[in-house]
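Only a predicted model underlies this, so the values are computations on that prediction, with no experimental measurement involved. Just follow the structure's listing: the first ligand is 1, and inside any ligand the first atom is 1. Index from 1, following the sequence.
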Amino acid sequence: MLIYTRIISILGMWTKLDTYIELYNGYMQDILDRKHRTMDLLFLVLLGLLFLFLKRTIYYYMYLPPGPWGIPFLGYLPFMKSSPHAMYSRMADKYGEISSIKLGNHLVVCLNSPKLVKELFSRSDSIARPRTPLNEIMEGRGIVLSEGILWQKQRQFLHEKFRALGVKVWPKQRFEKFIIMEIEEFITDLIKLNGAPVDPTLLLGRHVHNIICQLMMSFRFEEDDQEFGIFNEKISRGMKLYGSIHASEYVRQYLKLPGKKTILDEMKRSLADISEFHANKIRERIDYRATHPYDEPADLLDYYLDNIEARKSRKRFPDIFPGVDPEKQVVQVMNDLFSAGMETSRTTLSWTLLMMIHEPDVAAKVRAQLRETVHPGELVTLDHRPELPYLEAVLFETLRCVSLVPLGTTHVNTTEWKVDKYVIPKGAHIIPLIGKMNNDSKVYPEPDKFKPERFLRDGQFHIPDSYMAFGVGQRLCLGIQLARMQLFLFFANIMNRFELSLPEGAEMPPLEGFMAATHTPLPYSLCFHKIDN
Ligand code: HEM
């Protein structure tokens with residue numbers, strides 16, 4: 001019976017086999033259909049993504065300012081055969097007012113029109129700085145490389161306090177006396193030399209730096225101060241070393257090449273030493289203020305410490321240190337003013353003295369104007385400035401001719417920019433070609449000629465709109481007033497007290513110097529002969 005039942009049930013299943021197979025096939029078909037549908041969907045998504053990618057890439061490249069092509073990941077870096085200065089200059093010759101190039105995975109946009117630079121650098125979305133391994137050492141602190149709200153607060157604070165301390169290129173300013181004091185020391189050094197040859201760039205360094213130290217922390221380095229020599233060496237070496245790891249700005253892996261990381265480490269150590277010096281000065285001042293009450297702030301450090309103390313006692317006090325440790329921020333501001341202020345001013349003075357050797361007729365005109373205004377040997381002050389427009393024009397023409405900061409300081413745009421028919425994607429490195437614009441014959445006719453008259457209008461000193469030496473816009477040089485005070489007072493007093501000559505038998509030093517972050521003259525010597533009163 002059991003066997004019979006089994007046979008019946010097997011026969012029953014047998015007769016349903018077709019149904020099972022059909023079910024199975026239907027099931028498999030369903031899976032296959034679904035698989036196909038998923039594949040189709042995936043394919044469509046990929047196609048969509050590819051389309052978007054192509055659209056974005058085409059849009060990106062189609063509207064980029066013109067420039068040479070590179071290869072993926074490295075851009076134009078492997079084909080760079082000259083210095084960035086020379087390459088950008090050639091790009092400007094070929095492509096005009098605006099050009100672009102890919103270096104590593106960064107887009108670099110070069111601007112070669114004063115009007116355009118002015119327009120773009122006045123925008124509030126033009127003030128960011130590039131994120132490079134070197135910039136990252138400062139951790140976003142200070143003034144030169146800070147951004148956003150911290151930069152805004154610092155800039156406003158420093159502007160206000162510079163003014164309050166009398167840093168203005170007008171007569172009777174409180175700060176003028178410190179510059180004059182330093183000039184008198186400098187003149188004493190020159191008189192002691194009694195006409196013996198000296199490299200003016202080296203001699204000027206301590207005096208120019210003392211002026212910044214006075215402004216920051218009422219301090220000056222004495223003649224035999226070893227520490228100043230060491231700092232000076234660190235800053236100059238840092239500027240040169242920077243050139244040898246410059247490519248790491250574009251491809252970080254560059255620092256993995258033999259020797260490159262060591263250079264970055266050396267630069268970090270130098271910064272740490274200079275920071276430690278400034279941090280000590282801050283601690284000394286805090287101790288001093290604890291026991292010595294004072295009436296009014298003597299320098300930037302007093303203003304900063306006033307702010308830090310007031311912040312501690314009043315919770316609602318305006319915060320000028322958003323997101324940073326106040327003491328570390330003050331240290332980095334001091335480092336920045338040291339490096340931005342010293343090298344620039346002393347090098348400009350050194351170039352101007354060299355120009356006077358190259359251009360004896362101009363030197364004679366400067367002296368003639370001085371003779372009409374002051375006695376030989378008399379101290380020239382800012383009171384005399386309105387009577388000495390030609391002298392000031394010589395300084396500005398020197399800055400134009402030598403282009404002290406030939407590539408300015410790189411800006412970064414924080415939103416996409418539409419410029420004429422081009423689109424500059426956000427995050428590009430924007431470089432103003434200051435050196436190139438200074439030599440544009442449409443802006444400065446006969447640019448190779450040294451013509452201070454360009455800066456005179458109706459006999460008065462006049463700065464044309466196109467002038468770029470101190471940058472323009474939101475991040476215009478913070479020290480422009482201080483620089484103008486120093487340059488005028490040093491140059492006027494040197495010319496009023498000394499005749500300049502090359503050492504006997506020396507060849508004329510060239511006007512082509514060493515190009516790095518700044519353009520410095522090659523080492524040269526001058527003799528300073530005191531003019532009898
Ligand atoms: C002849 C002398 C000088 C020249 C030619 C010069 C030139 C420049 C240039 C081209 C910039 C870049 C502007 C930009 O980012 O677009 C700059 C920025 C700056 N300069 Fe000067 N400078 C001189 C002297 C000084 C002095 C004496 C000080 C010190 C008090 C100083 C402090 C600064 C600071 C702090 C910045 C950064 C401003 C910011 O990022 O907001 N400079 N300077």
Side-chain angles (χ1 to χ4, degrees), residues 111 114 117-118 120-124 126-130 135 138 140-148 150-159 161-163 165 167-169 175 178-179 182 204-205 207-216 299-300 332-352 392 395-413 429-435 437-438 463 467-491 517-520:
L111 303 177
V117 177
K118 252 188 164 167
L120 295 176
F121 283 10
S122 305
R123 295 173 61 148
S124 57
S126 71
I127 56 159
R129 295 292 197 205
N135 293 0
M138 329 295 178
R141 289 190 288 264
I143 175 78
V144 179
L145 296 174
S146 58
E147 302 173 340
L150 176 67
W151 170 79
Q152 264 173 29
K153 298 272 176 191
Q154 292 299 308
R155 177 112 193 166
Q156 197 185 353
F157 180 84
L158 285 167
H159 254 314
K161 303 315 171 200
F162 272 37
R163 269 202 303 275
L165 289 166
V167 178
K168 260 190 260 167
V169 66
F175 197 67
F178 294 111
I179 305 182
E182 209 51 55
L204 280 160
H207 297 288
V208 170
H209 183 52
N210 275 346
I211 292 170
I212 295 167
C213 283
Q214 229 11 290
L215 179 70
M216 296 192 307
D299 47 33
L300 286 177
Q332 189 49 43
V333 167
M334 288 172 139
N335 295 348
D336 281 356
L337 295 182
F338 178 16
S339 54
M342 198 266 267
E343 179 75 10
T344 45
S345 295
R346 77 156 168 186
T347 309
T348 307
L349 282 167
S350 184
W351 275 124
T352 313
E392 203 164 7
L395 288 162
F396 273 63
E397 174 68 344
T398 303
L399 272 169
R400 182 198 69 79
C401 277
V402 302
S403 293
L404 188 81
V405 195
L407 300 179
T409 311
T410 308
H411 289 225
V412 168
N413 54 331
H429 291 197
I430 318 280
I431 299 185
L433 301 184
I434 294 182
M437 290 183 276
N438 280 343
I463 308 175
Y467 199 64
M468 288 279 140
F470 294 94
V472 284
Q474 305 252 346
R475 290 199 96 137
L476 169 78
C477 172
L478 183 82
I480 183 168
Q481 293 287 322
L482 179 63
R484 289 183 61 187
M485 285 172 101
Q486 295 183 90
L487 298 180
F488 174 84
L489 290 168
F490 267 93
F491 181 49
T518 51
H519 181 205
T520 46

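- Inclusion of Q474 in the set of residues having an N or O under 3.5 Å from an N or O of ligand 1 is not warranted.
- Scanning the protein heavy atoms around atom 41 (O) of ligand 1, the nearest turns out to be R155 NH1, 2.7 Å.
- Nearest heavy-atom pair across L300 and L165 is N-CD1, 3.7 Å.
- Here the side chain of T344 pairs a donor or acceptor atom with the backbone of G341 at under 3.5 angstrom.
- Remark: distances from the non-hydrogen atoms of L404 to ligand 1 include one below 4.0 Å.
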Under the side chain to side chain contact (heavy atoms under 4.5 Å, CB included) rule, what do L349 and R346 come out as? Steps first, then yes or no, please.
CA-CA 5 Å; L349 282 167; R346 77 156 168 186; 5.7 Å; no
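- Put simply, part of Q486 is less than 4.0 Å from ligand 1, judged by heavy atoms.
- With hydrogens and angles disregarded, no donor-acceptor distance shorter than 3.5 Å links the side chain of H209 to the backbone of M342.
- Residue R475 has at least one nitrogen or oxygen atom sitting less than 3.5 Å from a nitrogen or oxygen atom of ligand 1, judged on distance alone.
- Once rounded to the nearest 0.5 Å, the distance linking CD of Q486 with CG of L204 reads 10.0 Å.
- Cation-pi geometry between K153 and F157 is not met: the NZ or CZ atom fails to fall both under 6.0 Å from the ring centre and inside 45° of the normal.
- A donor-acceptor pair is defined here as one N or O able to donate and one able to accept, closer than 3.5 Å; no such pair exists between the side chain of N413 and the backbone of I430.
- Nearest heavy-atom pair, I463 versus R484, reported as atom, atom and distance to 0.1 Å: CD1-NH1, 3.7 Å.
- Panel note: side chain D336, backbone G142; no donor-acceptor pair is recorded below 3.5 Å.
- Here the protein heavy atom with the shortest distance to atom 1 (C) of ligand 1 is T348 OG1, 3.2 Å.
- Sorted by first then second residue, the ring pair (Phe, Tyr, Trp, His ring centres under 6.0 Å) pairs that include residues 468-488, not counting sequence neighbours, number zero.
- Listed by chain and residue number, the protein N/O/S atoms under 2.8 Å of atom 21 (Fe) of ligand 1 are C477 SG, with waters left out.
- At least one heavy atom of H411 sits less than 4.0 Å from an atom of ligand 1.
- Listed by atom number, the atoms of ligand 1 under 4.0 Å from I143 heavy atoms are 35 (C), 40 (O).
- Nearest protein heavy-atom neighbour of atom 10 (C) of ligand 1: A469 O, 3.5 Å.
- If you check which protein heavy atom lies closest to atom 37 (C) of ligand 1, you get V144 CG2, 3.9 Å.
- Residues S403 and G435 approach most closely at OG-CA, 3.2 Å, considering heavy atoms.
- Below 4.0 Å from some heavy atom of S345 lie the following atoms of ligand 1, by number and element: 27 (C).
- Every atom of ligand 1 with a heavy atom of L482 under 4.0 Å away is listed here by number and element: 30 (C).
- Among protein heavy atoms, atom 15 (O) of ligand 1 sits closest to R129 NH2, 3.0 Å.
- Below 3.5 Å of separation, one finds an N or O of W151 facing an N or O of ligand 1.
- Just one residue in the list Q214, K168, Q481, R163 forms a side-chain contact (heavy atoms from CB on, under 4.5 Å) with F175, and that residue is Q214.
- Regarding atom 12 (C) of ligand 1, its nearest protein heavy-atom neighbour is T409 OG1, 3.2 Å.
- No donor-acceptor pair under 3.5 Å is formed between the side chain of W351 and the backbone N or O of C401.
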